[in-house]
Amino acid sequence: MAEIMVPAQITSLTTLDPGEVRIIELALPKQWEVEGIEYPVYDTMRPGTAFLTKPWGTRTEKRRRRMYTRSNANVDSEHCLETIINFTHTERSDTSAWWQTDECVEWQQSAQPLDVKVEWNQDRTALQIYENSQQCHATNLRLEPDGEWESMKFLALAFSTGITPFLSYLRYMKHRNFGRSDTLSGSFLRLIVSVRSPQQLMAHDELLSLERLFPDNFQYHPVLTRNWPQDWPYTQGRIMQEKQTGMDGRAIDLSPLLAVVPDIQQYHVRFCGNKAARDQLQEGFQQYSLEPRSIRAEVW
Ligand SMILES: Cc1cc2nc3c(=O)[nH]c(=O)nc-3n(C[C@H](O)[C@H](O)[C@H](O)COP(=O)(O)OP(=O)(O)OC[C@H]3O[C@@H](n4cnc5c(N)ncnc54)[C@H](O)[C@@H]3O)c2cc1C
């Protein structure tokens with residue numbers, strides 16, 4: 001079946017750290033015509049999933065297919081996909097460099113469209129925004145079904161733009177009052193996010209105010225690894241570290257993480273970041289003989 005893409009406009013572009021991190025917002029059409037017939041485009045994306053678009057690659061000088069995790073939620077931002085993109089600084093960097101350029105701003109100003117993938121719904125009566133994962137799995141971060149997450153206690157550990165799936169969780173959970181009712185206390189999510197410097201903090205004020213609004217359901221712990229204000233009340237430096245032992249052994253030091261979450265075994269751990277950090281966390285759990293209630297991790 002032919003792939004269907006719809007044109008999206010960059011409706012907002014916020015530079016958090018020049019050349020390094022930008023928040024992007026893409027607006028999608030609500031209808032789209034296929035073979036002469038107009039179909040509705042539904043926004044059914046589940047928190048924690050990613051959409052597919054075709055940004056420009058500065059290295060390859062062509063449009064590339066890339067996946068981005070949505071950082072907002074369909075419940076209050078229908079047809080508007082927010083994501084946060086960082087420059088990866090690798091030899092292969094292609095589109096991640098382009099998103100930080102003035103050319104990207106020019107695309108926004110001249111309303112140059114970006115294609116976003118959509119797919120047919122089950123009975124082929126409508127289109128829906130494509131999402132990368134349909135089922136919850138150990139290697140993705142699709143949020144558990146409604147009726148499950150409301151009674152779960154999550155530790156979300158995010159490295160840099162790895163915060164995106166958890167921002168989507170939190171915006172969705174806030175909309176659903178964290179699953180609180182007269183008889184139920186709702187879900188609990190403790191977010192630990194690690195970035196280099198204060199200007200790389202994403203949605204910082206929003207997260208602080210969410211914590212004030214829902215103190216029994218949400219706790220926010222932003223870690224700064226390179227520079228921090230003198231009075232920074234959270235972790236300063238890495239939340240976990242690799243240490244060489246002997247000639248070729250390595251040990252993982254989880255003590256900064258365990259200082260923040262001493263009862264980590266009580267949590268459903270969710271991780272988003274790079275592969276090296278994911279491996280360190282898993283090795284650390286093994287070395288400390290720690291078994292959280294469940295672990296799911298997505299790496300890019
Ligand atoms: C599910 C998912 C969600 C994501 N969400 C986000 C997000 O929210 N924010 C964000 O900043 N990034 C996200 N990413 C990462 C993003 O899609 C890009 O991969 C990243 O921004 C780097 O893009 P790039 O084009 O600069 O380089 P790359 O994607 O690293 O690719 C550069 C070049 O290397 C090639 N290449 C890639 N891997 C290999 C390999 N193993 N061997 C040989 N060639 C290779 C590619 O084809 C390309 O030509 C996500 C990725 C996935 C899979």
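Counting convention: from 1, in listed order, for ligands and their atoms alike.
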Enquirer: Determine if the distance from atom 42 (N) of ligand 1 to the closest protein heavy atom is below 4.0 Å.
Expert: no

Enquirer: If the contact criterion is a heavy-atom separation under 4.0 Å, does Gly57 count as touching ligand 1?
Expert: no

Enquirer: From the options Glu91, Arg92, Arg66, select the one whose nearest heavy atom is closest to atom 37 (C) of ligand 1.
Expert: Arg92

Enquirer: Taking side chain as C-beta onward, heavy atoms only, is Phe51 less than 4.5 Å from Leu26?
Expert: yes

Enquirer: Compare Arg59, Arg64, Arg70 and give the one whose heavy atom is closest to atom 47 (O) of ligand 1.
Expert: Arg64

Enquirer: If you measure from atom 9 (N) of ligand 1 to every heavy atom of Asp94, Thr164, Ile84, which option wins on shortest distance?
Expert: Ile84

Enquirer: Over all heavy atoms of both residues, which pair between His204 and Tyr220 is shortest? Give the atoms and the distance, please.
Expert: ND1-OH, 2.8 Å

Enquirer: Suppose we measure from atom 20 (C) of ligand 1 to each protein heavy atom; which comes out shortest, and what is that distance?
Expert: Thr88 CG2, 4.2 Å

Enquirer: Establish, from distance only, whether the side-chain atoms of Thr88 and Ser93 form a donor-acceptor pair under 3.5 Å.
Expert: yes

Enquirer: If we check side-chain hydrogen bond (donor to acceptor under 3.5 Å, both in side chains) with Arg22, which of these qualifies: Thr15, Thr101, Thr83, Asp17?
Expert: Thr15

Enquirer: Classify the side-chain pair Ser110/Gln112 by whether it contains a donor and acceptor separated by less than 3.5 Å.
Expert: no

Enquirer: Side chains of Tyr39 and Arg124 only: does a donor on one sit below 3.5 Å from an acceptor on the other?
Expert: no

Enquirer: What protein heavy atom is closest to atom 25 (O) of ligand 1, reported as residue, atom name and distance in Å?
Expert: Thr95 OG1, 2.5 Å

Enquirer: For Phe218 and Phe178, take the angle between the two ring planes, folded into 0 to 90°, and tell me which bin it lands in: parallel under 30, tilted 30 to 60, perpendicular over 60.
Expert: parallel

Enquirer: Does some side-chain heavy atom of Asn140 sit less than 4.5 Å from a side-chain heavy atom of Glu298?
Expert: yes

Enquirer: Would you mind listing which atoms of ligand 1 come within a distance below 4.0 Å of any non-hydrogen atom of Ser93?
Expert: 26 (O)

Enquirer: Look at atom 16 (C) of ligand 1 and find which of His89, Glu131, Met67, Glu82 reaches it with the closest heavy atom.
Expert: Met67

Enquirer: When you measure from atom 21 (O) of ligand 1 to every protein heavy atom, which one gives the shortest distance, and what is it?
Expert: Ser96 CB, 3.6 Å

Enquirer: Need the ligand 1 atom indices (1-based, order shown) with element for anything under 4.0 Å from a heavy-atom of Thr69.
Expert: 3 (C), 4 (C), 5 (N), 6 (C), 7 (C), 8 (O)

Enquirer: If you have a sec, work out which protein heavy atom is nearest atom 13 (C) of ligand 1 and how many Å separate them, to one decimal?
Expert: Trp300 CE3, 3.5 Å

Enquirer: Does the protein put any heavy atom within less than 4.0 Å of atom 23 (O) of ligand 1?
Expert: yes

Enquirer: Could you tell me which atoms of ligand 1, counted from 1 in the order shown, lie closer than 4.0 angstrom to a heavy atom of Ile85?
Expert: 11 (O)

Enquirer: Closer than 4.0 Å to some heavy atom of Asn86 - which atoms of ligand 1 meet that?
Expert: 11 (O)

Enquirer: Relative to the ring of Phe271, is the ring of Phe159 parallel (under 30°), tilted (30 to 60°) or perpendicular (over 60°)?
Expert: tilted

Enquirer: Hey, which atoms in ligand 1 end up nearer than 4.0 Å to a heavy atom of Asn132?
Expert: 1 (C)

Enquirer: Tell me which part of Thr83 gets within contact of ligand 1: side chain, backbone, both or neither, using heavy atoms under 4.0 Å.
Expert: side chain

Enquirer: Using the six-membered ring wherever Trp is involved, compare the ring planes of Tyr234 and His221 and label them parallel, tilted or perpendicular (cut-offs 30° and 60°).
Expert: perpendicular

Enquirer: Among Leu155, Ile295, Leu141, whose side chain to side chain contact (heavy atoms under 4.5 Å, CB included) with Arg270 holds?
Expert: Leu141

